[in-house]
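This report refers to the structure that appears directly beneath it.
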Amino acid sequence: MLTNSAIIEERTGDELKQLIIAEMKTFVKESPVNWSDVLQGPYYDEPIIQFASADDPLFGEYKSIIGPGHATPQEVLERSFGSGSYSGGSVISVVLPIHEAIRKANRQQKDRASREWALLRTFGDEHFLKAARVHLTDYIKKLGYHAAAPLETDWYSITGTETDPVSNWSERHVAYAAGLGTFSLNDGFISEKGIAIRLLSAVTDLQLPPDPRSAISHTGNCLLCSKGNCGVCITRCPVQAISKDGHDKIACMKFVYGQGSREWAVESGGEAKSGAGCGLCQTKVPCESRNPMRSAK
Ligand code: B12
């Protein structure tokens with residue numbers, strides 16, 4: 001059996017990427033946290049995993065695109081492992097496609113999330129994403145490297161919840177940097193497995209070859225933004241929070257995490273603090289489970 005240092009020394013960067021990808025695919029397939037007895041199925045299907053360089057200048061640009069508080073990968077590593085410890089690294093981003101049965105249930109909905117989507121919000125989002133972030137960083141540590149998942153740190157926060165909610169580590173922007181897809185009209189992230197997904201990420205000092213970004217713009221996978229011929233998510237939104245001009249985050253947030261949503265979460269078997277979510281703009285839309293621009297090109 002190879003020791004951890006032998007695993008590192010004898011493998012190329014691409015082989016190490018494949019090890020991490022295989023580890024996360026196995027975790028998603030086998031973790032009991034990714035299983036609902038109530039739904040008799042998993043929350044998520046096989047993930048897509050890609051990598052960005054920690055030194056990608058885009059992370060610096062996010063200080064103006066998102067806000068000055070958005071952390072760079074260097075800041076993530078230095079906050080966890082000490083200032084002056086930084087000498088490069090990688091950002092790992094994971095797309096988790098939502099299982100078909102949960103998407104199908106939400107497709108039938110017109111006014112609020114389905115019971116299945118509400119259960120996903122508590123157990124798939126809050127419980128499983130946490131378990132997967134911890135698993136990913138633990139695995140990299142076992143390989144002998146530092147790793148931190150920003151959403152598991154004590155400095156991670158969401159501010160401006162009354163006016164313009166914004167976090168200091170945006171999983172969608174990280175996924176964009178790793179070449180996993182683009183934003184949509186409604187702000188959602190459209191990957192090759194569509195928009196009905198969840199995202200997680202971690203930063204490591206292990207230097208791995210980055211994946212390329214091929215998107216023509218930051219909204220390149222959105223049919224309406226790219227070809228002007230969609231807008232189905234506008235009609236799906238139960239609170240008219242989406243228009244051709246974009247996404248009203250406050251109207252969305254009040255509905256998605258408000259009192260009614262919390263009550264529906266509990267009634268469905270989830271937790272009040274998670275809310276039921278909504279996701280109507282992510283189901284029964286052309287980008288639900290694929291990149292619609294792939295077939296439209
Ligand atoms: C705060 C938050 C919300 C807020 C605000 C959302 C928002 N747009 O910011 C509210 C409460 C409204 C919300 C709602 C929902 N959320 Co939410 N939310 C978050 C959270 C915690 C932070 C998001 C954040 O910081 N955004 C930063 C701001 C700046 O991003 P933005 O406004 O979207 O970005 C725009 C600009 O940056 C712009 N842009 C301009 N110029 C440029 C240039 C470049 C190069 C780039 C890249 C971008 C760019 O493009 C973007 C789109 O217009 C993340 C988890 C995380 N930490 O990432 C989950 C997250 C974004 N939410 C998620 C989900 C699933 C939902 C809901 C479906 C609810 C549910 N669970 O059922 C709805 C969907 C709303 C929607 N249509 O996007 C998923 C996203 C899945 C996806 N496919 O996109 C995330 C990633 C959670 C997760 N771990 O998977 N959410």
Side-chain angles (χ1 to χ4, degrees), residues 44 56-59 61-67 69-71 93-98 102 106 109 112-114 116-122 124-126 128-130 132-133 149-153 156-161 163-191 193-201 213 215-222 225 233-234 236-237 239 241-242 245-258 261 264-265 270 274-283 285 287-289:
Y44 301 110
D56 190 321
L58 187 55
F59 290 109
E61 291 168 34
Y62 286 163
K63 296 254 183 217
S64 43
I65 293 171
I66 303 171
H70 197 268
S93 179
V94 180
V95 169
L96 288 157
I98 296 168
I102 300 173
N106 225 42
Q109 298 297 113
R112 65 176 179 186
S114 65
E116 290 80 351
W117 196 274
L119 289 168
L120 166 80
R121 176 69 198 115
T122 291
D125 281 16
E126 298 297 338
F128 180 73
L129 291 190
K130 184 180 186 62
R133 286 189 292 264
L151 268 71
E152 297 304 317
T153 62
Y156 173 71
S157 65
I158 303 168
T159 51
T161 43
T163 48
D164 183 20
V166 54
S167 68
N168 53 7
W169 186 258
S170 166
E171 300 287 16
R172 296 199 267 220
H173 288 80
V174 170
Y176 178 85
L180 280 160
T182 79
F183 291 79
S184 79
L185 170 79
N186 68 42
D187 292 344
F189 190 81
I190 307 176
S191 70
K193 286 284 180 185
I195 195 169
I197 56 165
R198 294 292 186 271
L199 297 163
L200 66 95
S201 65
R213 276 194 294 278
I216 44 163
S217 81
H218 77 277
T219 52
N221 289 352
C222 175
C225 298
C233 61
I234 298 174
R236 284 284 284 156
C237 180
V239 291
I242 309 168
D245 298 326
H247 175 219
D248 178 341
K249 293 184 195 179
I250 297 299
C252 177
M253 184 174 61
K254 282 185 180 155
F255 181 69
V256 167
Y257 297 117
S261 167
W264 179 226
S274 305
C278 172
L280 266 63
C281 63
Q282 307 200 332
T283 47
V285 289
C287 58
E288 179 185 306
S289 59

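Every number for a ligand or one of its atoms is a count from 1 in the order of the listing. Just so it is clear, the model here is predicted, and its values are computed rather than measured.
- Not a single protein heavy atom sits closer than 4.0 Å to atom 59 (C) of ligand 1.
- Among protein heavy atoms, atom 52 (C) of ligand 1 sits closest to Asp187 OD1, 3.1 Å.
- Which parts of ligand 1 touch Leu129 is read off a 4.0 Å heavy-atom cut-off, strictly below it: atoms 89 (N).
- The heavy atom nearest to atom 61 (C) of ligand 1, considering only His173, Arg198, Arg172, is found in Arg172.
- The part of Tyr176 lying near ligand 1 is the side chain, judged by heavy-atom distances below 4.0 Å.
- When heavy-atom distances to ligand 1 are checked against a 4.0 Å cut-off, Cys278 comes that close only through its backbone atoms N, CA, C and O.
- Proximity of Leu185 to Ile242: side-chain heavy atoms (C-beta onward) are separated by under 4.5 Å at one or more points.
- Shown are Val95, Ile197, Leu129, Val94; of these, the side chain to side chain contact (heavy atoms under 4.5 Å, CB included) with Tyr44 is made only by Leu129.
- Distance remark: protein heavy atom present below 4.0 angstrom from atom 7 (C) of ligand 1.
- Looking from atom 24 (C) of ligand 1 to the surrounding protein, the closest heavy atom is Ser167 OG, 3.6 Å.
- Annotation: side-chain hydrogen bond (donor to acceptor under 3.5 Å, both in side chains) contacts of Asp245 (sequence neighbours excluded): none.
- The shortest side-chain heavy-atom distance between Tyr156 and Ser167 falls under the 4.5 Å cut-off.
- In this structure, atom 64 (C) of ligand 1 has its sub-4.0 angstrom surroundings free of protein heavy atoms.
- Considering backbone and side-chain N/O of Leu199, one or more are found under 3.5 Å from N/O of ligand 1.
- Set against the non-hydrogen atoms of Gly188, the atoms of ligand 1 under 4.0 Å away are 78 (O), 84 (O).
- For Leu200, no heavy-atom contact with ligand 1 is shorter than 4.0 Å.
- Checking atom 69 (C) of ligand 1 against the protein gives a heavy-atom contact under 4.0 Å.
- Here the protein heavy atom with the shortest distance to atom 16 (N) of ligand 1 is Tyr257 OH, 4.4 Å.
- The nearest heavy-atom contact from the protein to atom 73 (C) of ligand 1 is Cys252 SG, 4.4 Å.
- Under a 3.5 Å cut-off, the side chain of Ser184 and the backbone N or O of Asn186 do form a donor-acceptor pair.
- In terms of protein heavy atoms, atom 83 (N) of ligand 1 is closest to Ile195 O, 2.8 Å.
- Protein heavy atom at the shortest distance from atom 82 (C) of ligand 1 is Phe189 N, 3.5 Å.
- The two residues Gln282 and Glu288 come nearest to each other via the heavy atoms O-CG, 3.4 Å.
- Taking a distance limit of 4.0 Å, we find that atom 34 (O) of ligand 1 is approached by some protein heavy atom.
- Side-chain contact between Arg213 and Leu58 is present, with at least one heavy-atom pair separated by less than 4.5 Å.
- Between Trp169 and Thr153, the side chains place no donor N or O within less than 3.5 Å of an acceptor N or O (distance only, hydrogens not considered).
- The distance from the CG atom of Leu180 to the CZ atom of Phe189 is 5.5 Å, given to the nearest 0.5 Å.
- For ligand 1, the atoms lying closer than 4.0 Å to a non-hydrogen atom of Ile66 are 29 (C).
- Protein heavy atom closest to atom 26 (N) of ligand 1, with residue, atom name and distance, is Ser170 OG, 4.0 Å.
- Taking all heavy atoms of Ser191, Ala118, Pro165, Ser64 into account, the minimum distance to atom 4 (C) of ligand 1 is reached by Pro165.
- Under the 3.5 Å distance criterion, the side-chain polar atoms of Trp264 are matched with a main-chain donor or acceptor of Ala113.
- Short contacts between ligand 1 and Tyr156, defined as distances under 4.0 Å to a heavy atom of the residue, involve ligand atoms 21 (C), 56 (C), 57 (N).
- Between the OG1 atom of Thr283 and the CZ atom of Arg236 there is a distance of 4.5 Å, given to the nearest 0.5 Å.
- Ring geometry for Tyr62 against His70 counts as perpendicular: the plane angle is over 60°, on a 0 to 90° scale with 30° as the lower cut.
- When hydrogens are left out, the protein atom nearest atom 81 (C) of ligand 1 is Ile197 O, 3.6 Å; that is the closest non-hydrogen contact.
- When each atom of ligand 1 is checked for a heavy atom of Val256 under 4.0 Å away, the hits are 69 (C).
- Remark: atom 54 (C) of ligand 1 lies closer than 4.0 Å to no protein heavy atom.
- Listed by number with element, the atoms of ligand 1 under 4.0 angstrom from any heavy atom of Trp169 are 56 (C), 57 (N), 58 (O).
- At distances below 3.5 Å, not a single donor-acceptor pair connects side-chain atoms of Arg198 with backbone N or O atoms of Asp125.
- Within the 4.0 angstrom cut-off, atom 76 (C) of ligand 1 has one or more protein heavy-atom neighbours.
- Residue pairs meeting the side chain to side chain donor-acceptor pair (under 3.5 Å) criterion with at least one partner in residues 172-182, sequence neighbours excluded, are Ser170-His173.
- The protein reaches atom 44 (C) of ligand 1 closely, with a heavy atom under 4.0 angstrom from it.
- Numbered from 1 in the order shown, with element, the atoms of ligand 1 that lie under 4.0 Å from a heavy atom of Cys281 read 77 (N).
- Here the side chains of Asn106 and Cys278 are not in contact, with every heavy-atom distance at 4.5 Å or above.
- Looking at Gln282, Met253, Lys249, it is Lys249 that brings a heavy atom closest to atom 28 (C) of ligand 1.
- Residue-environment remark: NZ (Lys249) exceeds the threshold of 12 foreign heavy atoms within 6.0 Å.
- Taking all heavy atoms of Lys254, Glu171, His218 into account, the minimum distance to atom 38 (C) of ligand 1 is reached by His218.
- In this structure, the side chain of Asn168 engages the main chain of Ser157 through a donor-acceptor pair within 3.5 Å.
- Of all atoms in ligand 1, numbered sequentially from 1 with element shown, those under 4.0 Å from a heavy atom of Asn186 are 76 (C), 77 (N), 78 (O).
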